[in-house]
2 protein chains.
Amino acid sequence: MAHVANDDPTSPVQRERRTRILDATIALASQGGFDAVQMRTVAEQADVALGTLYRYFPSKIHLLVSALGREFERADAAMADNPVPGDTQADRVNHVLNRLTRGLQDDQHLTEALTRAFMFADRSARQEIQGVGQLLVRMLTRAMRPGATASDEDRAIARVIGDVWLAALMAWVNGRSSAEETSAHMERAVRLVLR
Amino acid sequence: MAHVANDDPTSPVQRERRTRILDATIALASQGGFDAVQMRTVAEQADVALGTLYRYFPSKIHLLVSALGREFERADAAMADNPVPGDTQADRVNHVLNRLTRGLQDDQHLTEALTRAFMFADRSARQEIQGVGQLLVRMLTRAMRPGATASDEDRAIARVIGDVWLAALMAWVNGRSSAEETSAHMERAVRLVLR
DNA sequence: GCCATGATAGGAACACGTTCCACTTCGAGA
DNA sequence: TCTCGAAGTGGAACGTGTTCCTATCATGGC
């Protein structure tokens with residue numbers, strides 16, 4: 001107990017297990033959405049015992065929100081490399097949102113699984129949810145002020161836009177609005193808030 | 001089949017059963033939140049067989065979203081009677097939101113149950129969700145333009161505000177923001193959109 | 001090399017949403 | 001009043017998320 005041999009409590013083997021689990025989650029979600037992500041199936045496909053899966057992710061919701069977090073981290077890293085095109089704040093923010101939206105709308109099942117998990121999550125997944133929210137705000141504020149640090153006001157605006165984006169995504173996933181309506185709604189919201 | 005004796009397919013007894021079921025749902029939700037609303041318990045408390053409960057509401061989600069709809073209808077009716085106070089659009093909209101928010105924040109368990117059900121709902125509950133969304137938009141547009149009919153632009157703005165409100169409510173329910181932060185975030189969003 | 005300890009495997013068991021079935025009750029039309 | 005179909009009852013059964021238990025395995029310290 002007193003001797004900590006390693007700062008990082010996870011060994012390479014464990015990191016690789018975690019990756020396998022998240023990969024299996026994404027694959028199953030892409031294939032059949034939220035319902036297809038069954039804990040027994042994830043465990044089997046990741047070649048891991050059910051108990052081990054639960055040791056890594058304490059619930060299905062944690063698992064799916066963590067998967068969403070990994071996807072967002074990838075998107076964030078990809079967008080951090082080259083600057084967002086566009087002349088105005090609204091243009092750049094819309095570009096980021098369109099990129100995120102398109103990436104998701106190409107895979108409706110995956111989107112449905114990740115969105116619903118995010119929406120359904122309760123306090124126990126607070127940390128994971130907060131991580132996803134911060135990534136979203138980070139991507140949006142970077143589009144608003146490339147290269148500069150964002151003010152509190154900027155972050156509040158980004159959060160509003162993120163809220164609307166999530167709601168719009170949910171409406172799309174639930175078949176209440178088409179892809180066109182969704183992006184129109186988003187652009188209108190961005191135009192309203194960023195002016 | 002050819003003879004329809006009654007426009008309304010539900011008898012008074014059935015309406016009363018439906019009311020009992022929704023009452024039991026609200027009571028259980030107030031008491032212990034989403035998890036406490038168990039279908040067997042609802043059926044028992046409403047003095048109805050489990051199969052009958054499922055005949056009235058095809059899933060727990062439908063049940064809870066319908067309960068939310070009934071609450072919103074009540075709020076809508078209550079607010080339709082006397083005009084919303086406030087000099088500007090933003091003032092009146094904030095008033096409506098505060099009223100809705102306070103009504104919900106007084107009962108955190110109920111809010112958690114209804115919000116999470118609304119968020120988790122899938123396409124099969126599309127109709128119920130849409131009803132709730134329309135009620136929210138109706139309450140907001142009435143605050144924006146008392147006595148007048150709302151334009152498409154008005155409705156789009158109201159929808160944006162409704163989106164942010166739901167997201168803020170979710171953040172509050174999940175313990176990611178305090179009641180004060182929630183209302184501050186809401187007021188800021190309204191100020192951004194309505195100017 | 002050997003041991004202690006934590007991680008993993010394998011699988012049974014439990015809870016709750018959901019489905020199904022056999023039977024009963026109710027109410028409208030002949 | 002009788003009959004018939006729809007609605008309701010009571011309860012068994014099933015699926016999937018979650019928990020738990022025991023045996024096995026791997027690893028770091030002696």
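Treat the numbers as computed from the prediction; the structure is a model and nothing was measured. To find a chain, count down the sequence lines: A is the first, B the second, and so on, and within it residues start at 1.
No donor-acceptor pair under 3.5 Å is formed between the side chain of B:Thr41 and the backbone N or O of B:Val37. In this structure, the side chain of B:Ser183 engages the main chain of B:Glu180 through a donor-acceptor pair within 3.5 Å.
In this structure, the side-chain contact (heavy atoms from CB on, under 4.5 Å) partners of A:Ile26, at least two apart in sequence or on a different chain, are A:Ser30, A:Ala67, A:Arg70, A:Glu71, A:Leu110. Listed by chain and number, the residues in a side-chain contact (heavy atoms from CB on, under 4.5 Å) with B:Val132 are B:Val65, B:Leu68, B:Phe72, B:Phe118 (sequence neighbours excluded). Shown here are the side-chain contact (heavy atoms from CB on, under 4.5 Å) partners of B:Glu73, two or more places apart in sequence or in another chain: B:Leu135. Qualifying side-chain contact (heavy atoms from CB on, under 4.5 Å) partners for A:Arg102, counting only residues two or more places apart in sequence or in other chains: A:Asn98. Listed by chain and residue number, A:His185 satisfy the side-chain hydrogen bond (donor to acceptor under 3.5 Å, both in side chains) test with B:Asp163 (two or more places apart in sequence, or in another chain).
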Using atom types as modelled, flag every donor-acceptor pair under 3.5 Å from a side chain in residues 144-151 of chain B to any protein atom, sequence neighbours excluded.
| unit_1 | atom_1 | unit_2 | atom_2 | d |
| --- | --- | --- | --- | --- |
| B:Arg145 | NE | B:Asp154 | OD1 | 3.4 |
| B:Arg145 | NE | B:Asp154 | OD2 | 2.6 |
| B:Arg145 | NH2 | B:Asp154 | OD1 | 3.2 |
| B:Ser151 | OG | B:Glu153 | N | 3.4 |
| B:Ser151 | OG | B:Asp154 | N | 3.0 |
| B:Ser151 | OG | B:Asp154 | OD2 | 3.2 |

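Within a heavy-atom distance below 4.0 Å of DNA chain D, no residue of residues 118-129 of chain A is found. Listed in residue order, the members of residues 31-40 of chain A having a heavy atom less than 4.0 Å from DNA chain D are A:Val37, A:Gln38, A:Met39, A:Arg40. Of the residues in residues 53-63 of chain A, A:Arg55, A:Tyr56 come within less than 4.0 Å of DNA chain C through at least one heavy atom, sorted by number.
Summarising the geometry, the separation between CD on A:Glu44 and P on C:dT8 is reported as 19 Å, rounded to the nearest angstrom. Between A:Arg15 atom CZ and C:dA7 atom P the separation is 15 Å, expressed in whole Å. Spacing between atom CD of A:Gln14 and atom P of C:dT8 amounts to 5 Å, rounded to whole angstrom units. Note: CD1 (B:Ile21) to C1' (D:dA7) measures 13 Å, nearest angstrom. The interatomic distance linking B:Arg18 (CZ) with D:dA7 (C1') rounds to 16 Å, in whole Å. B:Asp47 has its CG atom 16 Å from the P atom of C:dT25, to the nearest Å.
Closest to the side chain of B:Leu50, out of D:dT9, D:dA12, C:dA12, is D:dA12.
Ion pairing between B:Arg191 and B:Glu187 fails under the 4.0 Å rule for side-chain N and carboxylate O.
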- request: For nucleotides 22-27 of chain D, just jot down a letter per nucleotide in 5' to 3' order: B, S or -, based on protein non-hydrogen atoms under 4.0 Å.
  value: ------
query: How far apart are the C-alpha atoms of A:Val93 and A:Val193, what are their side-chain angles, what is the distance that settles it, and do they pass the side-chain contact (heavy atoms from CB on, under 4.5 Å) test?
result: CA-CA 11 Å; A:Val93 166; A:Val193 174; over 6 Å; no
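Other residues, nucleotides and ligands contribute only 12 or fewer heavy atoms inside 6.0 Å of the CG atom of B:Asp87.
The side-chain hydrogen bond (donor to acceptor under 3.5 Å, both in side chains) pairs that include a residue from residues 124-142 of chain B are B:Asp76-B:Arg138, B:Asp76-B:Arg142, B:Asp122-B:Ser124, where partners are two or more places apart or lie in different chains. Listed by first and then second residue, the side-chain hydrogen bond (donor to acceptor under 3.5 Å, both in side chains) pairs that reach into residues 55-67 of chain B are B:Ser59-B:His62, sequence neighbours excluded.
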